[in-house]
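Heads up: the structure comes next, in structure tokens.
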Amino acid sequence: MTRLSVEMLAADAPEPITSAGHAQLGIAVLAGIAVIVLLITKFKLHAFLALTIGSLALGAIAGAPLDKVLLSFSTGLGTTVAGVGVLIALGAILGKMLADSGGADQIVDTILAKAGGRSMPWAMVLIASVIGLPLFFEVGIVLLIPVVLMVAKRGNYSLMRIGIPALAGLSVMHGLVPPHPGPLVAIDAVKADLGVTLALGVLVAIPTVIIAGPVFSKYAARWVDVPAPENMIPQRASEDLEKRPGFGATLFTVLLPVILMLAKALVDIVIDDVENPVQRVFDVIGAPMIALLASVLVGIFTLLRPAGFSKERISPLVEKSLAPIAGILLIVGAGGGFKQTLIDTGVGQMVLDISKDWSIPALLLAWLIAVAIRLATGSATVATVSAAGLVAPLAADMSTTHAALLVLAIGAGSLFFSHVNDAGFWMVKEYFGLSVGQNIKTWSVMETIISVVAGGIVLLLSLVI
């Protein structure tokens with residue numbers, strides 16, 4: 001999503017579909033979330049059905065017309081699937097190609113040989129941070145999860161010990177470092193300097209990702225000791241394969257989307273002219289869908305052909321790769337539908353209205369507002385857009401560095417405690433095969449640590465620079 005499209009999203013936010021007061025909306029939010037959690041944990045209902053029913057309960061208690069609630073839910077579901085559905089599918093295809101060609105084995109064996117034992121979580125957080133720099137969070141997940149699962153399985157590591165550092169690296173980059181859409185929107189709203197924000201963002205990100213990744217993963221592995229889910233692990237390539245693609249070719253194929261999207265981001269920064277033909281070309285080839293599609297097409301020649309795959313084997317491979325992700329797509333889509341129902345009933349606006357009279361330091365106020373909207377809507381981007389718009393006037397008299405810190409405070413708050421109304425919550429849960437409770441004790445706590453640590457570092461930096 002480009003900076004312009006995110007700004008248009010914020011500007012074109014729909015009118016609330018209910019005129020309920022703040023108290024009624026607050027009760028509706030709590031009831032909707034309670035219904036979802038109860039149906040999943042107590043009655044063992046599938047998360048897709050629970051999210052659908054919870055959305056209807058939220059709208060009904062908020063006093064919204066049922067037809068408009070249905071429209072909000074279906075719109076959110078469609079938008080979410082449109083945004084991440086193709087990415088998940090392309091990622092699944094690429095993962096299957098990596099697995100069946102032996103390319104994934106090559107990556108895993110090389111990583112295990114170079115970084116074994118205690119250094120493995122640090123290797124995973126480094127890889128995830130580098131890959132996550134130019135990538136959307138969802139794209140990073142679909143690229144990294146197969147490697148995470150295979151490293152955990154074949155290296156006999158705890159899934160949380162390997163998975164948490166990778167997720168932390170992706171999440172920190174997503175919330176704090178441009179060119180991700182959230183930080184870009186906040187930079188524009190408060191008129192912060194992009195270069196200063198990028199530099200300070202990396203400075204804040206390094207200790208944050210260390211604490212939330214390798215350090216926290218030690219405790220997460222004790223709290224939730226689960227094996228990597230067999231149905232999500234690409235199997236080791238057949239021993240009948242005479243050869244498998246080289247490490248260099250495999251790494252290039254995996255990193256190709258990163259290279260294309262990073263190139264787009266650099267061109268956008270250097271040229272910054274939507275009418276420039278060079279920027280328009282890179283806007284296309286650096287779009288997540290095109291970048292992943294290019295990687296899949298290149299993989300045919302760098303992965304499948306070297307492994308001896310004929311043209312007739314490619315179509316069945318693609319078909320087999322799509323079947324396991326059907327449930328994930330529905331759950332992620334329903335999470336998006338619940339989020340949109342929250343937004344359309346006026347919950348985000350309610351939080352903004354309540355917070356207007358708070359009298360606290362600007363950086364802390366920005367963090368708290370982003371936290372509140374994140375908890376209510378489940379969207380880091382919505383939280384960033386809304387909080388940035390609210391606190392932007394406070395940046396008028398700020399120095400360049402403090403304006404950049406204001407952006408980072410907003411980004412840190414937007415990551416606080418991902419739960420059942422966040423599509424990312426369900427992606428992580430399903431990929432790792434966790435229960436709702438296990439996901440809260442690991443993924444949700446990790447997100448909270450990122451938010452609190454990053455917010456604390458921002459406040460400390462504001463005292464010395």
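Model, not experiment: these values are computed from the prediction. Every heavy atom of this structure was used, including side-chain atoms; hydrogens, water molecules and symmetry mates were not.
- By the 4.0 Å N-to-carboxylate-O rule, D100 lies too far from R313 to be salt-bridged with it.
- At distances below 3.5 Å, not a single donor-acceptor pair connects side-chain atoms of S171 with backbone N or O atoms of A168.
- Put simply, the side chain of Q279 gets close to the backbone of D273: a donor and an acceptor are under 3.5 Å apart.
- Judged purely by distance below 3.5 Å, without hydrogens or angles, the side chains of S418 and S444 never pair a donor atom with an acceptor atom.
- What you find for A334 and F48 is that their closest heavy atoms are CB-CD1, 3.6 Å.
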Given the rule in the side-chain contact (heavy atoms from CB on, under 4.5 Å) test, do K264 and V284 qualify, once you have shown the distances and angles that lead to the verdict?
CA-CA 8 Å; K264 172 190 178 299; V284 173; over 6 Å; no
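- No donor-acceptor pair closer than 3.5 Å links the side chain of T79 to the backbone N or O of G76.
- Atom-to-atom distance recorded for L77:CG and I331:CD1 is 11.5 Å, nearest 0.5 angstrom.
- Shown here for S129 and V209, the closest heavy-atom pair between the two residues is OG-CG2, 4.0 Å.
- Across all non-hydrogen atoms, the minimal contact from I373 to A387 is CD1-N, 4.2 Å.
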Before giving the answer on side-chain contact (heavy atoms from CB on, under 4.5 Å), spell out for V445 and I449 the whole-Å C-alpha distance, their side-chain angles and the decisive distance to 0.1 Å.
CA-CA 6 Å; V445 173; I449 292 173; 4.0 Å; yes
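- Taking the charged nitrogens against the carboxylate oxygens, E447 and R374 do have a contact shorter than 4.0 Å, which makes a salt bridge.
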Let's go through T341 and S72 carefully: what are the C-alpha distance in whole Å and the side-chain angles of both, what is the deciding distance for side-chain hydrogen bond (donor to acceptor under 3.5 Å, both in side chains) to 0.1 Å, and is it a yes or a no?
CA-CA 5 Å; T341 305; S72 291; 5.4 Å; no
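- Looking at heavy atoms from C-beta onward, I410 lies in side-chain contact with V391 at the 4.5 angstrom threshold.
- Distance CG/L167 to CD1/I141: 6.0 Å, rounded to 0.5 Å.
- For V190 against A388, the heavy-atom pair with the smallest separation is CG1-O, 4.4 Å.
- Remark: the R161 side chain and the S217 side chain contain an N/O donor-acceptor pair separated by less than 3.5 Å.
- Distance check, rounded to the nearest 0.5 Å: CE of M446 to CG of L415 gives 8.5 Å.
- You'll find the side chain of T110 stays beyond 4.5 Å of the side chain of T250, heavy atoms only.
- Atom OH of Y431 is separated from atom CD1 of I145 by 7.5 Å, given to the nearest 0.5 angstrom.
- Here L406 contributes atom CG and W367 contributes atom CH2; the two are 14.5 Å apart, rounded to the nearest 0.5 Å.
- The shortest side-chain heavy-atom distance between I440 and F425 falls under the 4.5 Å cut-off.
- Atoms OG and CD1, on S295 and I259 in that order, are 9.5 Å from each other to the nearest 0.5 Å.
- For the pair K68 and D344, the salt-bridge criterion is not met [side-chain N within less than 4.0 Å of a carboxylate O].
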Between M173 and F137, is a side-chain contact (heavy atoms from CB on, under 4.5 Å) present by the stated rule, with each step listed?
CA-CA 8 Å; M173 294 297 109; F137 180 77; over 6 Å; no
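- Residues V86 and L292 fail the side-chain proximity criterion, which asks for heavy atoms closer than 4.5 Å.
- T18 is listed as a side-chain neighbour of L25, based on a closest heavy-atom distance under 4.5 Å.
- The closest donor-acceptor contact from the side chain of S451 to the backbone of T448 lies at 3.5 Å or more, if one exists at all.
- Side chain of W426 to backbone of I328: no donor-acceptor contact under 3.5 angstrom is found.
- The shortest heavy-atom contact between A128 and L170 is O-CD2, 3.7 Å.
- Under the 3.5 Å distance criterion, the side-chain polar atoms of N421 are matched with a main-chain donor or acceptor of L375.
- The shortest distance between side-chain heavy atoms of M97 and I93 falls below 4.5 Å.
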List the steps and the verdict of side-chain contact (heavy atoms from CB on, under 4.5 Å) for H419 and F417.
CA-CA 6 Å; H419 61 100; F417 195 74; 3.7 Å; yes
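- Counting heavy atoms from C-beta outward, P229 and L159 have side chains that approach closer than 4.5 Å.
- Residues P165 and M124 come closest through the heavy atom pair CB-CB, 4.4 Å.
- For the pair L90/M289, a side-chain contact is recorded, criterion being any heavy-atom separation below 4.5 Å from C-beta on.
- Panel note: side chain H174, backbone G169; no donor-acceptor pair is recorded below 3.5 Å.
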